[in-house]
Amino acid sequence: MEQPTRPLTVLLVDDEPRFREILAKRLRHRGVSVEEAPGGEEALESMRREAKEVVVLDVKMPGLDGIETLRRLKTAHPECEVILLTGHASPQDGVEGIKAGAFDYLSKPVEFEHLLRKITQARNKIERLRAERREAEFREQIRRQMAVAERLAALGTLASGVAHEINNPLAVIQDSAGWLQQILEKPETADMPRREDFAQALARIQRAVGRARTITRQLLQAVHNPAGDSLETVHLREVSLPAIAEEALALVRREAADRGLALALEASDPPPLAWTDPALLLQVILNLLNNALQATDSGGRVTLRLGVKGEHAVLAVEDTGRGIPPEHLNRIFEPFFTTKEVGRGTGMGLYVSWAIMNRLQGGITVESREGRGATFTLTLPRKPPPTA
Amino acid sequence: MTAASPAVLVVDDEVDFGEVLTLRLREAGENALYARSGRDCLDLLQRQEVEVVILDVRMPDMDGIDTLQAIKQAHPWVEVILLTGHGTIETAVRGVKLGAYDLLIKPADFQELREKLNQARRRRQERIDRPGDTGAIPDPS
Ligand SMILES: Nc1ncnc2c1ncn2[C@@H]1O[C@H](COP(=O)(O)OP(=O)(O)OP(=O)(O)O)[C@@H](O)[C@H]1O
Ligand SMILES: [Mg+2]
(Lines give C-alpha, C1' and ligand atoms only; values in the text may rest on other atoms or scores of the structure.)
(Ligands and ions follow the chains in the order given, each with its own letter.)
Protein backbone atom coordinates (compact mmCIF):
# COMPACT_ATOMS: atom_id res chain seq x y z
CA MET A 1 0.00 0.00 0.00
CA GLU A 2 1.28 3.49 -0.82
CA GLN A 3 1.62 6.00 1.96
CA PRO A 4 -0.17 9.11 0.71
CA THR A 5 1.51 11.19 3.44
CA ARG A 6 5.04 10.24 2.37
CA PRO A 7 6.80 13.47 1.38
CA LEU A 8 7.27 14.08 -2.29
CA THR A 9 10.95 13.92 -3.26
CA VAL A 10 12.32 16.34 -5.82
CA LEU A 11 15.73 16.91 -7.32
CA LEU A 12 16.32 20.46 -8.47
CA VAL A 13 19.01 20.84 -11.14
CA ASP A 14 20.16 24.32 -12.20
CA ASP A 15 23.53 25.97 -12.63
CA GLU A 16 22.32 29.28 -11.17
CA PRO A 17 22.76 28.95 -7.40
CA ARG A 18 20.48 31.88 -6.50
CA PHE A 19 17.55 30.66 -8.52
CA ARG A 20 18.02 27.10 -7.23
CA GLU A 21 18.24 28.08 -3.58
CA ILE A 22 15.17 30.28 -3.61
CA LEU A 23 13.08 27.68 -5.38
CA ALA A 24 14.31 24.92 -3.09
CA LYS A 25 13.45 26.96 -0.04
CA ARG A 26 9.92 27.64 -1.23
CA LEU A 27 9.36 23.99 -2.11
CA ARG A 28 10.61 22.85 1.28
CA HIS A 29 8.27 25.34 2.84
CA ARG A 30 5.42 23.47 1.13
CA GLY A 31 6.48 20.10 2.55
CA VAL A 32 8.50 18.87 -0.39
CA SER A 33 11.77 17.07 0.27
CA VAL A 34 14.28 18.74 -2.05
CA GLU A 35 17.84 18.00 -3.07
CA GLU A 36 19.84 20.33 -5.26
CA ALA A 37 22.41 19.73 -7.98
CA PRO A 38 24.36 22.39 -9.91
CA GLY A 39 24.70 20.32 -13.12
CA GLY A 40 23.90 17.18 -15.06
CA GLU A 41 26.75 15.03 -13.72
CA GLU A 42 25.89 15.93 -10.13
CA ALA A 43 22.23 15.20 -10.80
CA LEU A 44 22.99 11.69 -12.04
CA GLU A 45 25.27 11.18 -9.05
CA SER A 46 22.58 12.32 -6.64
CA MET A 47 20.03 9.96 -8.22
CA ARG A 48 22.49 7.09 -8.01
CA ARG A 49 22.81 7.72 -4.26
CA GLU A 50 19.07 7.91 -3.76
CA ALA A 51 16.38 8.07 -6.41
CA LYS A 52 14.03 11.04 -6.25
CA GLU A 53 10.58 10.90 -7.79
CA VAL A 54 10.53 14.13 -9.75
CA VAL A 55 13.48 15.93 -11.31
CA VAL A 56 13.17 19.62 -12.20
CA LEU A 57 15.85 20.18 -14.78
CA ASP A 58 17.24 23.30 -16.41
CA VAL A 59 17.96 22.77 -20.08
CA LYS A 60 20.72 25.31 -20.56
CA MET A 61 23.65 24.26 -18.41
CA PRO A 62 27.38 24.14 -18.99
CA GLY A 63 28.83 20.63 -19.16
CA LEU A 64 26.20 17.96 -19.61
CA ASP A 65 23.21 19.81 -21.06
CA GLY A 66 19.61 19.31 -19.95
CA ILE A 67 18.45 17.09 -22.81
CA GLU A 68 21.40 14.72 -22.49
CA THR A 69 20.96 14.60 -18.71
CA LEU A 70 17.29 13.81 -19.27
CA ARG A 71 18.14 10.89 -21.57
CA ARG A 72 20.59 9.42 -19.10
CA LEU A 73 18.20 9.92 -16.19
CA LYS A 74 15.37 8.13 -17.98
CA THR A 75 17.66 5.25 -18.90
CA ALA A 76 18.97 4.78 -15.38
CA HIS A 77 15.72 5.58 -13.54
CA PRO A 78 12.76 4.87 -15.82
CA GLU A 79 10.40 5.46 -12.90
CA CYS A 80 11.27 9.13 -12.32
CA GLU A 81 9.48 11.99 -14.05
CA VAL A 82 11.38 15.00 -15.36
CA ILE A 83 10.09 18.55 -15.73
CA LEU A 84 12.24 20.72 -17.97
CA LEU A 85 12.84 24.41 -17.45
CA THR A 86 13.58 26.19 -20.71
CA GLY A 87 14.55 29.76 -21.43
CA HIS A 88 11.53 31.58 -22.83
CA ALA A 89 13.30 31.98 -26.13
CA SER A 90 13.71 28.27 -26.79
CA PRO A 91 10.43 26.34 -26.70
CA GLN A 92 12.09 24.08 -29.28
CA ASP A 93 14.19 22.57 -26.49
CA GLY A 94 11.00 21.77 -24.66
CA VAL A 95 9.50 19.90 -27.59
CA GLU A 96 12.66 17.89 -27.99
CA GLY A 97 12.58 17.20 -24.27
CA ILE A 98 9.06 15.81 -24.39
CA LYS A 99 10.14 13.52 -27.21
CA ALA A 100 12.99 12.30 -25.00
CA GLY A 101 10.55 11.43 -22.25
CA ALA A 102 10.10 14.56 -20.15
CA PHE A 103 6.81 14.88 -18.29
CA ASP A 104 6.38 18.52 -19.30
CA TYR A 105 8.30 21.72 -19.75
CA LEU A 106 7.95 25.18 -18.25
CA SER A 107 9.52 28.38 -19.51
CA LYS A 108 11.55 30.55 -17.25
CA PRO A 109 10.78 32.63 -15.36
CA VAL A 110 8.63 30.04 -13.64
CA GLU A 111 5.53 30.84 -11.72
CA PHE A 112 5.97 28.97 -8.47
CA GLU A 113 2.41 27.66 -7.96
CA HIS A 114 2.39 26.50 -11.54
CA LEU A 115 5.60 24.54 -11.03
CA LEU A 116 4.27 23.01 -7.81
CA ARG A 117 1.13 21.89 -9.65
CA LYS A 118 3.24 20.29 -12.38
CA ILE A 119 5.38 18.51 -9.81
CA THR A 120 2.26 17.14 -8.14
CA GLN A 121 0.86 15.99 -11.47
CA ALA A 122 4.13 14.26 -12.28
CA ARG A 123 4.01 12.47 -8.99
CA ASN A 124 0.41 11.40 -9.57
CA LYS A 125 1.47 9.94 -12.87
CA ILE A 126 4.18 7.94 -11.11
CA GLU A 127 1.66 6.59 -8.62
CA ARG A 128 -0.75 5.69 -11.36
CA LEU A 129 1.93 3.82 -13.31
CA ARG A 130 2.96 2.01 -10.16
CA ALA A 131 -0.61 0.94 -9.48
CA GLU A 132 -0.99 -0.25 -13.06
CA ARG A 133 2.20 -2.22 -12.84
CA ARG A 134 1.11 -3.81 -9.57
CA GLU A 135 -2.18 -4.76 -11.11
CA ALA A 136 -0.47 -6.22 -14.17
CA GLU A 137 1.84 -8.25 -11.94
CA PHE A 138 -1.11 -9.47 -9.95
CA ARG A 139 -2.95 -10.51 -13.10
CA GLU A 140 0.13 -12.27 -14.37
CA GLN A 141 0.50 -14.11 -11.07
CA ILE A 142 -3.13 -15.26 -11.15
CA ARG A 143 -2.77 -16.29 -14.78
CA ARG A 144 0.30 -18.34 -13.91
CA GLN A 145 -1.45 -19.95 -10.96
CA MET A 146 -4.40 -20.89 -13.13
CA ALA A 147 -2.09 -22.32 -15.76
CA VAL A 148 -0.39 -24.40 -13.08
CA ALA A 149 -3.75 -25.52 -11.70
CA GLU A 150 -4.95 -26.55 -15.14
CA ARG A 151 -1.80 -28.48 -15.83
CA LEU A 152 -2.01 -30.19 -12.44
CA ALA A 153 -5.61 -31.12 -13.03
CA ALA A 154 -4.79 -32.59 -16.44
CA LEU A 155 -1.81 -34.47 -15.07
CA GLY A 156 -3.96 -35.71 -12.22
CA THR A 157 -6.62 -37.05 -14.54
CA LEU A 158 -4.02 -38.83 -16.60
CA ALA A 159 -2.23 -40.21 -13.57
CA SER A 160 -5.41 -41.46 -11.94
CA GLY A 161 -6.45 -43.15 -15.17
CA VAL A 162 -3.12 -44.94 -15.15
CA ALA A 163 -3.56 -45.80 -11.48
CA HIS A 164 -6.92 -47.39 -12.18
CA GLU A 165 -5.53 -49.51 -14.97
CA ILE A 166 -2.49 -50.51 -12.93
CA ASN A 167 -4.55 -51.69 -9.98
CA ASN A 168 -5.92 -54.75 -11.76
CA PRO A 169 -2.62 -56.28 -12.87
CA LEU A 170 -1.18 -55.25 -9.50
CA ALA A 171 -3.86 -57.30 -7.82
CA VAL A 172 -2.95 -60.34 -9.93
CA ILE A 173 0.73 -59.98 -8.99
CA GLN A 174 -0.01 -59.45 -5.32
CA ASP A 175 -2.38 -62.36 -5.00
CA SER A 176 -0.25 -64.73 -7.04
CA ALA A 177 2.71 -64.01 -4.78
CA GLY A 178 0.43 -64.21 -1.76
CA TRP A 179 -0.87 -67.59 -2.86
CA LEU A 180 2.66 -68.99 -3.21
CA GLN A 181 3.50 -67.60 0.24
CA GLN A 182 0.50 -69.40 1.67
CA ILE A 183 1.71 -72.62 0.08
CA LEU A 184 5.19 -72.12 1.53
CA GLU A 185 3.65 -71.95 4.97
CA LYS A 186 2.10 -75.40 4.58
CA PRO A 187 3.80 -78.42 6.22
CA GLU A 188 3.95 -80.17 2.84
CA THR A 189 6.49 -77.63 1.56
CA ALA A 190 8.58 -77.50 4.75
CA ASP A 191 11.34 -79.56 3.10
CA MET A 192 11.15 -78.03 -0.33
CA PRO A 193 14.59 -77.39 -1.88
CA ARG A 194 15.64 -73.70 -1.80
CA ARG A 195 12.50 -72.83 0.07
CA GLU A 196 14.19 -69.74 1.58
CA ASP A 197 14.98 -68.32 -1.87
CA PHE A 198 11.35 -68.60 -2.84
CA ALA A 199 10.23 -66.99 0.39
CA GLN A 200 12.65 -64.10 -0.04
CA ALA A 201 11.70 -63.40 -3.62
CA LEU A 202 8.01 -63.51 -2.78
CA ALA A 203 8.52 -61.09 0.08
CA ARG A 204 10.28 -58.73 -2.34
CA ILE A 205 7.40 -58.93 -4.76
CA GLN A 206 4.97 -58.12 -1.96
CA ARG A 207 7.03 -55.13 -0.85
CA ALA A 208 7.22 -53.77 -4.38
CA VAL A 209 3.51 -54.23 -4.88
CA GLY A 210 2.95 -52.43 -1.58
CA ARG A 211 4.93 -49.47 -2.87
CA ALA A 212 3.04 -49.35 -6.14
CA ARG A 213 -0.22 -49.67 -4.28
CA THR A 214 0.60 -46.72 -2.06
CA ILE A 215 1.13 -44.62 -5.16
CA THR A 216 -2.07 -45.64 -6.88
CA ARG A 217 -4.01 -45.12 -3.66
CA GLN A 218 -2.59 -41.63 -3.22
CA LEU A 219 -3.42 -40.74 -6.77
CA LEU A 220 -6.95 -42.01 -6.55
CA GLN A 221 -7.40 -40.28 -3.24
CA ALA A 222 -6.09 -37.00 -4.60
CA VAL A 223 -8.07 -36.80 -7.76
CA HIS A 224 -11.60 -35.63 -8.04
CA ASN A 225 -13.67 -37.81 -10.21
CA PRO A 226 -15.88 -35.91 -12.66
CA ALA A 227 -18.73 -35.88 -10.14
CA GLY A 228 -16.46 -33.83 -7.90
CA ASP A 229 -16.06 -36.48 -5.29
CA SER A 230 -13.34 -38.87 -4.39
CA LEU A 231 -13.12 -42.05 -2.43
CA GLU A 232 -12.76 -40.27 0.85
CA THR A 233 -15.41 -37.78 1.72
CA VAL A 234 -14.64 -34.48 3.35
CA HIS A 235 -15.91 -33.99 6.90
CA LEU A 236 -15.92 -30.28 7.58
CA ARG A 237 -16.13 -28.86 11.07
CA GLU A 238 -14.64 -26.11 13.16
CA VAL A 239 -11.03 -26.98 13.91
CA SER A 240 -8.60 -25.32 16.29
CA LEU A 241 -5.40 -24.89 14.31
CA PRO A 242 -3.07 -24.94 17.35
CA ALA A 243 -4.53 -28.29 18.40
CA ILE A 244 -3.98 -29.85 14.99
CA ALA A 245 -0.55 -28.24 14.70
CA GLU A 246 0.46 -29.78 18.03
CA GLU A 247 -0.77 -33.13 16.84
CA ALA A 248 1.32 -32.87 13.67
CA LEU A 249 4.41 -31.71 15.54
CA ALA A 250 4.11 -34.57 18.01
CA LEU A 251 4.23 -36.99 15.10
CA VAL A 252 7.49 -35.58 13.71
CA ARG A 253 9.21 -34.62 16.97
CA ARG A 254 11.23 -37.80 17.05
CA GLU A 255 12.44 -37.44 13.49
CA ALA A 256 13.33 -33.77 14.05
CA ALA A 257 15.38 -34.69 17.12
CA ASP A 258 17.18 -37.44 15.20
CA ARG A 259 18.09 -34.91 12.52
CA GLY A 260 19.20 -32.29 15.06
CA LEU A 261 16.51 -29.80 14.08
CA ALA A 262 14.54 -27.40 16.26
CA LEU A 263 10.76 -27.38 15.94
CA ALA A 264 8.72 -24.33 16.85
CA LEU A 265 5.08 -23.38 16.90
CA GLU A 266 3.95 -19.75 16.73
CA ALA A 267 0.26 -18.96 16.93
CA SER A 268 -1.52 -15.64 16.87
CA ASP A 269 -3.84 -14.81 19.74
CA PRO A 270 -6.73 -15.71 19.91
CA PRO A 271 -5.93 -19.16 18.53
CA PRO A 272 -7.04 -19.30 14.89
CA LEU A 273 -9.95 -21.54 13.95
CA ALA A 274 -10.60 -23.03 10.54
CA TRP A 275 -13.63 -24.60 8.91
CA THR A 276 -12.05 -27.76 7.57
CA ASP A 277 -11.51 -31.51 7.70
CA PRO A 278 -8.97 -32.18 10.46
CA ALA A 279 -7.82 -35.57 9.11
CA LEU A 280 -7.14 -34.24 5.62
CA LEU A 281 -5.50 -31.09 6.95
CA LEU A 282 -3.26 -33.14 9.22
CA GLN A 283 -2.14 -35.12 6.21
CA VAL A 284 -1.16 -31.93 4.38
CA ILE A 285 0.70 -30.51 7.38
CA LEU A 286 2.60 -33.77 7.79
CA ASN A 287 3.61 -33.76 4.13
CA LEU A 288 4.94 -30.23 4.50
CA LEU A 289 6.72 -30.95 7.78
CA ASN A 290 8.35 -34.08 6.37
CA ASN A 291 9.57 -32.15 3.34
CA ALA A 292 10.90 -29.38 5.57
CA LEU A 293 12.73 -31.83 7.82
CA GLN A 294 14.22 -33.62 4.84
CA ALA A 295 15.42 -30.36 3.27
CA THR A 296 17.11 -28.97 6.37
CA ASP A 297 20.53 -29.84 7.71
CA SER A 298 21.33 -30.43 11.35
CA GLY A 299 21.22 -27.21 13.39
CA GLY A 300 18.37 -25.81 11.32
CA ARG A 301 14.88 -24.91 12.32
CA VAL A 302 11.35 -25.71 11.22
CA THR A 303 8.59 -23.34 12.31
CA LEU A 304 4.85 -23.76 12.11
CA ARG A 305 3.14 -20.36 12.07
CA LEU A 306 -0.59 -19.91 12.56
CA GLY A 307 -2.55 -16.77 11.95
CA VAL A 308 -5.51 -15.10 10.38
CA LYS A 309 -5.68 -13.06 7.19
CA GLY A 310 -9.06 -11.58 6.35
CA GLU A 311 -11.56 -14.35 5.71
CA HIS A 312 -8.87 -17.00 5.90
CA ALA A 313 -6.93 -18.90 8.47
CA VAL A 314 -3.29 -19.20 7.51
CA LEU A 315 -0.86 -21.93 8.38
CA ALA A 316 2.75 -21.68 7.26
CA VAL A 317 5.54 -24.24 7.46
CA GLU A 318 8.87 -22.48 7.30
CA ASP A 319 12.28 -24.07 7.21
CA THR A 320 15.88 -22.88 7.13
CA GLY A 321 16.90 -25.61 4.70
CA ARG A 322 18.40 -25.67 1.25
CA GLY A 323 15.45 -24.03 -0.47
CA ILE A 324 14.06 -24.65 -3.91
CA PRO A 325 15.78 -23.52 -7.12
CA PRO A 326 13.62 -21.11 -9.16
CA GLU A 327 13.37 -23.52 -12.08
CA HIS A 328 11.73 -26.11 -9.81
CA LEU A 329 9.26 -23.77 -8.17
CA ASN A 330 6.40 -24.31 -10.57
CA ARG A 331 7.02 -28.04 -10.93
CA ILE A 332 7.11 -29.21 -7.33
CA PHE A 333 3.32 -29.58 -7.15
CA GLU A 334 3.24 -31.96 -10.11
CA PRO A 335 2.57 -35.61 -9.38
CA PHE A 336 5.84 -37.59 -9.42
CA PHE A 337 8.10 -34.53 -9.39
CA THR A 338 10.83 -35.34 -6.90
CA THR A 339 14.50 -34.57 -6.41
CA LYS A 340 14.88 -37.39 -3.92
CA GLU A 341 16.50 -40.74 -4.63
CA VAL A 342 14.44 -43.63 -5.92
CA GLY A 343 12.68 -45.19 -2.99
CA ARG A 344 13.12 -42.03 -0.91
CA GLY A 345 10.38 -39.92 -2.39
CA THR A 346 7.70 -40.53 -4.95
CA GLY A 347 6.94 -36.88 -5.59
CA MET A 348 3.36 -37.34 -4.50
CA GLY A 349 3.42 -35.36 -1.25
CA LEU A 350 2.89 -31.88 -2.63
CA TYR A 351 0.55 -33.01 -5.37
CA VAL A 352 -1.69 -34.76 -2.89
CA SER A 353 -1.47 -31.73 -0.61
CA TRP A 354 -2.47 -29.41 -3.44
CA ALA A 355 -5.42 -31.63 -4.32
CA ILE A 356 -6.54 -31.83 -0.70
CA MET A 357 -6.32 -28.06 -0.28
CA ASN A 358 -8.50 -27.69 -3.36
CA ARG A 359 -11.06 -29.99 -1.85
CA LEU A 360 -10.95 -28.01 1.37
CA GLN A 361 -11.69 -24.80 -0.57
CA GLY A 362 -8.28 -23.54 0.44
CA GLY A 363 -4.95 -22.93 -1.20
CA ILE A 364 -1.27 -23.72 -0.99
CA THR A 365 1.57 -21.46 -2.07
CA VAL A 366 5.33 -21.57 -1.80
CA GLU A 367 8.07 -19.02 -1.39
CA SER A 368 11.69 -19.93 -1.37
CA ARG A 369 15.16 -18.57 -1.77
CA GLU A 370 17.76 -21.09 -2.75
CA GLY A 371 20.03 -21.81 0.18
CA ARG A 372 17.83 -19.83 2.54
CA GLY A 373 14.92 -22.17 3.16
CA ALA A 374 11.35 -22.46 2.00
CA THR A 375 7.94 -21.43 3.29
CA PHE A 376 4.78 -23.27 2.32
CA THR A 377 1.60 -21.39 3.19
CA LEU A 378 -1.85 -22.92 3.51
CA THR A 379 -4.98 -20.80 3.48
CA LEU A 380 -8.25 -22.18 4.76
CA PRO A 381 -11.78 -20.85 5.18
CA ARG A 382 -12.49 -19.71 8.73
CA LYS A 383 -16.24 -20.15 8.53
CA PRO A 384 -18.66 -22.36 6.64
CA PRO A 385 -19.68 -20.83 3.32
CA PRO A 386 -22.92 -18.86 3.62
CA THR A 387 -25.77 -21.17 2.73
CA ALA A 388 -27.59 -20.04 -0.37
CA MET B 1 -13.35 -77.39 6.20
CA THR B 2 -15.14 -79.84 3.96
CA ALA B 3 -16.09 -79.26 0.37
CA ALA B 4 -19.69 -79.31 1.47
CA SER B 5 -19.31 -76.18 3.63
CA PRO B 6 -21.15 -73.18 2.20
CA ALA B 7 -19.20 -71.51 -0.51
CA VAL B 8 -17.59 -68.17 -1.25
CA LEU B 9 -17.95 -67.20 -4.89
CA VAL B 10 -15.42 -64.99 -6.68
CA VAL B 11 -16.82 -63.22 -9.76
CA ASP B 12 -14.35 -61.43 -12.02
CA ASP B 13 -13.99 -61.20 -15.79
CA GLU B 14 -10.21 -61.15 -15.45
CA VAL B 15 -9.47 -64.86 -15.25
CA ASP B 16 -5.91 -64.41 -13.93
CA PHE B 17 -7.23 -62.45 -11.01
CA GLY B 18 -10.38 -64.44 -10.32
CA GLU B 19 -8.58 -67.75 -10.39
CA VAL B 20 -5.67 -66.75 -8.21
CA LEU B 21 -7.95 -65.17 -5.62
CA THR B 22 -10.01 -68.38 -5.61
CA LEU B 23 -6.82 -70.40 -5.11
CA ARG B 24 -5.77 -68.18 -2.21
CA LEU B 25 -9.12 -68.52 -0.52
CA ARG B 26 -9.00 -72.30 -0.92
CA GLU B 27 -5.49 -72.37 0.40
CA ALA B 28 -6.79 -70.51 3.43
CA GLY B 29 -9.43 -73.20 3.94
CA GLU B 30 -12.42 -71.60 2.27
CA ASN B 31 -14.72 -73.48 -0.06
CA ALA B 32 -14.13 -71.00 -2.88
CA LEU B 33 -15.69 -71.07 -6.33
CA TYR B 34 -15.05 -68.93 -9.37
CA ALA B 35 -17.34 -67.49 -11.99
CA ARG B 36 -16.20 -65.47 -14.98
CA SER B 37 -19.25 -63.30 -15.48
CA GLY B 38 -22.40 -62.05 -13.83
CA ARG B 39 -24.43 -64.63 -15.76
CA ASP B 40 -22.20 -67.53 -14.72
CA CYS B 41 -22.51 -66.26 -11.16
CA LEU B 42 -26.31 -66.31 -11.28
CA ASP B 43 -26.31 -69.79 -12.85
CA LEU B 44 -24.03 -71.07 -10.14
CA LEU B 45 -26.17 -69.57 -7.39
CA GLN B 46 -29.09 -71.70 -8.68
CA ARG B 47 -27.18 -74.89 -8.11
CA GLN B 48 -24.94 -74.18 -5.17
CA GLU B 49 -25.34 -72.79 -1.70
CA VAL B 50 -23.23 -69.65 -1.48
CA GLU B 51 -22.89 -67.41 1.56
CA VAL B 52 -20.82 -64.60 0.17
CA VAL B 53 -20.08 -63.35 -3.35
CA ILE B 54 -16.91 -61.34 -3.97
CA LEU B 55 -17.92 -59.32 -6.98
CA ASP B 56 -15.91 -57.26 -9.46
CA VAL B 57 -17.64 -54.00 -10.35
CA ARG B 58 -16.34 -53.36 -13.86
CA MET B 59 -17.27 -56.22 -16.12
CA PRO B 60 -18.39 -56.23 -19.74
CA ASP B 61 -21.99 -57.08 -20.57
CA MET B 62 -23.52 -57.45 -17.10
CA ASP B 63 -21.57 -55.29 -14.69
CA GLY B 64 -21.15 -55.71 -10.95
CA ILE B 65 -24.01 -53.40 -10.03
CA ASP B 66 -26.46 -55.24 -12.34
CA THR B 67 -25.25 -58.56 -10.98
CA LEU B 68 -25.60 -57.31 -7.40
CA GLN B 69 -29.22 -56.32 -8.04
CA ALA B 70 -30.00 -59.67 -9.64
CA ILE B 71 -28.37 -61.57 -6.76
CA LYS B 72 -30.28 -59.60 -4.14
CA GLN B 73 -33.51 -60.17 -6.00
CA ALA B 74 -33.21 -63.92 -6.43
CA HIS B 75 -31.07 -64.80 -3.39
CA PRO B 76 -31.68 -62.22 -0.69
CA TRP B 77 -29.59 -64.07 1.92
CA VAL B 78 -26.43 -63.99 -0.11
CA GLU B 79 -23.99 -61.31 1.05
CA VAL B 80 -21.96 -59.41 -1.54
CA ILE B 81 -18.58 -57.73 -1.19
CA LEU B 82 -17.67 -55.49 -4.11
CA LEU B 83 -14.06 -55.56 -5.22
CA THR B 84 -12.92 -52.96 -7.70
CA GLY B 85 -9.89 -51.30 -9.20
CA HIS B 86 -11.93 -48.15 -9.56
CA GLY B 87 -12.77 -46.69 -6.23
CA THR B 88 -15.25 -43.90 -6.36
CA ILE B 89 -17.55 -42.95 -3.59
CA GLU B 90 -20.56 -43.16 -5.88
CA THR B 91 -19.97 -46.82 -6.64
CA ALA B 92 -19.46 -47.53 -2.96
CA VAL B 93 -22.57 -45.68 -1.85
CA ARG B 94 -24.66 -47.07 -4.68
CA GLY B 95 -23.45 -50.60 -4.00
CA VAL B 96 -24.13 -50.39 -0.29
CA LYS B 97 -27.58 -48.90 -0.90
CA LEU B 98 -28.31 -51.84 -3.17
CA GLY B 99 -27.41 -54.19 -0.35
CA ALA B 100 -23.66 -54.86 -0.77
CA TYR B 101 -21.92 -55.49 2.53
CA ASP B 102 -18.80 -53.47 1.67
CA LEU B 103 -16.45 -52.35 -1.07
CA LEU B 104 -12.72 -53.06 -1.29
CA ILE B 105 -10.23 -51.63 -3.72
CA LYS B 106 -7.84 -53.77 -5.72
CA PRO B 107 -5.24 -54.74 -4.86
CA ALA B 108 -6.93 -55.46 -1.57
CA ASP B 109 -5.12 -56.70 1.47
CA PHE B 110 -5.87 -60.42 1.78
CA GLN B 111 -6.25 -60.34 5.55
CA GLU B 112 -8.64 -57.43 5.26
CA LEU B 113 -10.63 -59.30 2.64
CA ARG B 114 -10.91 -62.32 4.93
CA GLU B 115 -12.06 -60.16 7.83
CA LYS B 116 -14.74 -58.60 5.66
CA LEU B 117 -15.72 -62.06 4.52
CA ASN B 118 -16.24 -63.20 8.10
CA GLN B 119 -18.12 -60.04 9.00
CA ALA B 120 -20.37 -60.51 5.98
CA ARG B 121 -21.07 -64.10 7.07
CA ARG B 122 -21.97 -62.87 10.53
CA ARG B 123 -24.34 -60.30 9.13
CA ARG B 124 -25.97 -62.99 7.00
CA GLN B 125 -26.44 -65.21 10.03
CA GLU B 126 -27.94 -62.37 12.05
CA ARG B 127 -30.40 -61.61 9.29
CA ILE B 128 -31.42 -65.26 9.03
CA ASP B 129 -31.84 -65.50 12.80
CA ARG B 130 -34.01 -62.44 12.99
CA PRO B 131 -37.62 -63.59 12.80
CA GLY B 132 -39.69 -61.94 10.13
CA ASP B 133 -36.72 -60.74 8.08
CA THR B 134 -37.28 -61.67 4.47
CA GLY B 135 -33.81 -60.59 3.45
CA ALA B 136 -35.29 -57.93 1.23
CA ILE B 137 -33.42 -54.68 0.93
CA PRO B 138 -35.28 -51.65 2.17
CA ASP B 139 -36.12 -49.27 -0.62
CA PRO B 140 -33.14 -46.93 -0.91
CA SER B 141 -34.70 -43.52 -0.87
N1 LIG C 1 10.70 -27.57 2.25
C2 LIG C 1 11.32 -27.88 1.10
N3 LIG C 1 12.58 -27.44 0.87
C4 LIG C 1 13.22 -27.75 -0.30
N5 LIG C 1 12.68 -28.49 -1.29
C6 LIG C 1 11.43 -28.94 -1.12
C7 LIG C 1 10.69 -28.67 0.07
N8 LIG C 1 9.47 -29.25 -0.06
C9 LIG C 1 9.46 -29.86 -1.27
N10 LIG C 1 10.63 -29.68 -1.91
C11 LIG C 1 10.99 -30.17 -3.25
O12 LIG C 1 9.81 -30.55 -3.92
C13 LIG C 1 9.89 -31.91 -4.36
C14 LIG C 1 8.51 -32.52 -4.35
O15 LIG C 1 8.02 -32.65 -3.02
P16 LIG C 1 6.93 -33.75 -2.71
O17 LIG C 1 6.59 -33.70 -1.28
O18 LIG C 1 5.83 -33.60 -3.70
O19 LIG C 1 7.65 -35.11 -3.07
P20 LIG C 1 8.85 -35.83 -2.29
O21 LIG C 1 9.01 -35.26 -0.93
O22 LIG C 1 10.03 -35.81 -3.19
O23 LIG C 1 8.29 -37.32 -2.21
P24 LIG C 1 7.08 -37.84 -1.27
O25 LIG C 1 6.50 -36.66 -0.58
O26 LIG C 1 6.14 -38.48 -2.21
O27 LIG C 1 7.74 -38.77 -0.34
C28 LIG C 1 10.88 -32.55 -3.41
O29 LIG C 1 11.50 -33.68 -3.98
C30 LIG C 1 11.87 -31.40 -3.19
O31 LIG C 1 12.76 -31.29 -4.26
MG1 LIG D 1 7.31 -35.03 0.37
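To find a chain, count down the sequence lines: A is the first, B the second, and so on, and within it residues start at 1. Values in this document were obtained by computation on a predicted structure and should not be read as measured data.
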Is the number of heavy atoms from other residues, nucleotides or ligands under 6.0 Å of [X] [atom1] greater than 12?
| X | atom1 | value |
| --- | --- | --- |
| R253(A) | CZ | yes |
| Q73(B) | CD | no |
| F110(B) | CZ | yes |
| R58(B) | CZ | no |

Those residues of residues 167-192 of chain A, ordered by number, that approach chain B below 4.5 Å (heavy atom to heavy atom):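 Within residues 167-192 of chain A, the residues under 4.5 Å from chain B are N167(A), N168(A), L170(A), A171(A), V172(A), Q174(A), D175(A), S176(A), G178(A), W179(A), Q182(A), I183(A), K186(A).
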Partner chain A: residue of P107(B), A108(B), G18(B) with the largest heavy-atom pair count (under 4.5 Å): P107(B)
Proximity breakdown for A28(B) and chain A, heavy-atom pairs closer than 4.5 Å: both
Portion of E27(B) that has a non-hydrogen atom of chain A nearer than 4.5 angstrom: both
Pairwise salt bridge (charged side-chain N to carboxylate O under 4.0 Å, His left out) hits with a residue in residues 102-113 of chain B, at least two apart: D12(B)-K106(B), D56(B)-K106(B), D102(B)-K116(B)
